[in-house]
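In this chain, numbering begins with 1 at the start of the sequence shown.
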Amino acid sequence: MLLFGRQHCIRLGSIANFHTLRVPAEFNDVRLDRFLNINFDLSKALTQKLLRTKKVCIFGKEQETKGKIPPGFRLNENDVVQVNSELKLRVDKFQDITKTDLELIEELKSNIQYKSETLLIIDKPSGVAVQGGTNTTRYIDKVLSALKFDCPETPRIVHRLDKGTSGLLILARTRQAAIELTRQFRENQIKKEYLAIVTGSTGTDNGIIDRGISRVTSSSHDYRTVHGDLQNTSPLSNTATSPIQTQSAITEYQVIAKSNQNPCLSLLRLSPHTGRKHQLRVHCAQVLYTPILGDLKYGKGSPKGLVCDAENPPRLFLHMHKLTLPNDTNPIVINAPLPKHFLRVLDDHFDGQSFTLE
């Protein structure tokens, strides 16, 4: 019997080619894919394959779950997770590293904003995915081994940013750090602050949006909408199924500046109190009625006449600007500089205005 972590993730042994782990308290209500990533060092692609090919079973007090289990399945304390031991875990080799990957590695190393024995915080460029997927060739998960530096373990992803979103991304350098960060994210102890340039003007200069978000799917789309507000403007209006999941979602917003030119643009500070997928994009587009500039999924991209209109595809003007992490003494506060595409639009459309981003 091996013990892992402060609260002891218990390996019960190998039974019929299965690794067997009991879920400790700190993983209660954690997604199954995150649990597998932390405890087995699995990439997203291998995790999805493992689940798709029915190589995982979960035995809990309330139910026994076999067959094809969704990655977002939420675990309960004392659940027993069995994983087929014949699958090869991720190995720190570079046999499939391309020139594009090497360029990404150098870019990420030059964008490190904070480094300690347990944490690595990088400034993710817009257009780089965190994890791989269909038609995705440039993603951070593939090159994590190159970010080990002096640490024997490969860094672990503990949260995500959309491919188009730029800004601060936390990597855990040890298994125990990943466990602790997962708990801090779940308990909303890590404060996140984004900057967004949106099209249009909000009705008020600040406020709190408390609107749940539903996931709606069809054969060709995976879309989020504010609960009870599936509108004809949705790309799924003719093909959508009923919402299959609704989660609470809370976003605090503040208007920092408004452009004096046409088209009307606003610079917002966004602080999510929850971490739902596409939360900020949905709340801006469907509650404030000010879609984020460059958002083709929930808005119309970029109005004509903007300097960014020539980019194809257009960049998303959403930037994880500031992170505040709990610490024994003083909180750790990290800021990421604005990317070039942000600065261009601010210079061209907010000319002469004075405002602070801190």
Side-chain angles (χ1 to χ4, degrees), residues 25-35 37-38 70-76 121 124 130-131 157-170 172 178-196 198 202 204 206-217 222-230 234 243-255 268-292 295 297-299 316 318-326 331-334 336:
E26 66 264 37
F27 283 100
N28 183 62
D29 198 40
V30 168
R31 288 170 55 106
L32 175 60
D33 55 355
R34 183 166 294 178
F35 177 85
N37 176 264
I38 290 174
F73 181 91
R74 296 279 175 173
L75 295 169
N76 296 310
I121 301 179
K124 185 188 83 67
V130 174
Q131 296 176 308
I157 294 168
V158 293
H159 71 115
R160 299 170 186 170
L161 296 177
D162 290 343
K163 180 179 178 179
T165 303
S166 57
L168 297 170
L169 180 73
I170 304 174
I179 292 171
E180 182 64 14
L181 287 165
T182 297
R183 181 190 65 81
Q184 291 174 354
F185 272 112
R186 185 175 66 244
E187 297 177 0
N188 200 30
Q189 294 183 13
I190 297 175
K191 305 303 180 184
K192 298 171 286 185
E193 185 177 293
Y194 293 76
L195 296 175
V198 301
T202 62
T204 56
N206 57 76
I208 295 178
I209 302 168
D210 188 353
R211 293 288 301 274
I213 292 177
S214 300
R215 179 186 178 189
V216 186
T217 61
D222 189 350
Y223 186 78
R224 266 69 179 174
T225 184
V226 290
H227 180 51
D229 196 21
L230 184 61
S234 164
I244 61 175
Q245 184 181 12
T246 300
Q247 296 177 305
S248 63
I250 302 173
T251 302
E252 186 174 353
Y253 71 93
Q254 178 188 6
V255 178
L268 304 185
R269 178 181 287 114
L270 302 170
S271 302
H273 295 191
T274 52
R276 311 308 178 199
K277 185 174 183 178
H278 297 172
Q279 174 178 322
L280 300 182
R281 297 164 66 182
V282 171
H283 276 172
C284 284
Q286 299 181 13
V287 179
L288 296 178
Y289 303 106
T290 55
I292 295 176
D295 194 343
K297 192 177 187 76
Y298 300 101
L316 183 68
L318 181 62
H319 180 65
M320 169 79 89
H321 167 65
K322 182 178 180 180
L323 277 169
T324 304
L325 292 82
I332 299 172
V333 180
I334 308 296

Side-chain donor/acceptor of K124 to backbone N/O of T165, under 3.5 Å
yes
Side chain to side chain contact (heavy atoms under 4.5 Å, CB included) for Q189 and R183? Distances and angles first, verdict last.
CA-CA 8 Å; Q189 294 183 13; R183 181 190 65 81; 3.2 Å; yes
Is the closest side-chain heavy-atom distance between V198 and L288 below 4.5 Å?
no
Going by heavy atoms in the side chains, are I170 and H159 under 4.5 Å from each other?
yes
State, with a plain yes or no, whether a side-chain heavy atom of D162 is found less than 4.5 Å away from one of L318.
no
Is any side-chain heavy atom of R224 closer than 4.5 Å to a side-chain heavy atom of R276?
no
Of all the heavy-atom pairs spanning P331 and T324, show the shortest one and how long it is.
CB-CG2, 3.8 Å
Give the C-alpha distance, both sets of side-chain angles, the deciding distance and a yes or no for side chain to side chain contact (heavy atoms under 4.5 Å, CB included) between L270 and C284.
CA-CA 9 Å; L270 302 170; C284 284; 3.8 Å; yes
I'd like to know if the side chain of Y194 and the backbone of G167 have a donor-acceptor N/O pair within less than 3.5 Å.
no
Step-by-step side chain to side chain contact (heavy atoms under 4.5 Å, CB included) determination, L325 to I121:
CA-CA 11 Å; L325 292 82; I121 301 179; 4.3 Å; yes
All side-chain contact (heavy atoms from CB on, under 4.5 Å) counterparts of A178, not counting sequence neighbours:
I38, R156, V158, A172
Given side chains that start at C-beta, do those of L280 and H283 come closer than 4.5 Å, heavy atoms only?
no
I want to check something: taking the side chain as every heavy atom from C-beta on, are L323 and K192 in contact at a cut-off of under 4.5 Å?
yes
Just by distance, no angles: are the side chains of T225 and S214 close enough, under 3.5 Å, to form a donor-acceptor pair?
no
Can you check whether A249's main-chain N or O pairs, donor with acceptor, with R211's side chain at less than 3.5 Å?
no
With sequence neighbours excluded, residues passing side-chain hydrogen bond (donor to acceptor under 3.5 Å, both in side chains) with D33
R31, R160
Distance-only, no hydrogens or angles: does the T274 side chain make a donor-acceptor pair with backbone N or O of I250 under 3.5 Å?
yes
Any residue meeting side-chain hydrogen bond (donor to acceptor under 3.5 Å, both in side chains) with Q247, in chain and number order, not counting sequence neighbours:
none
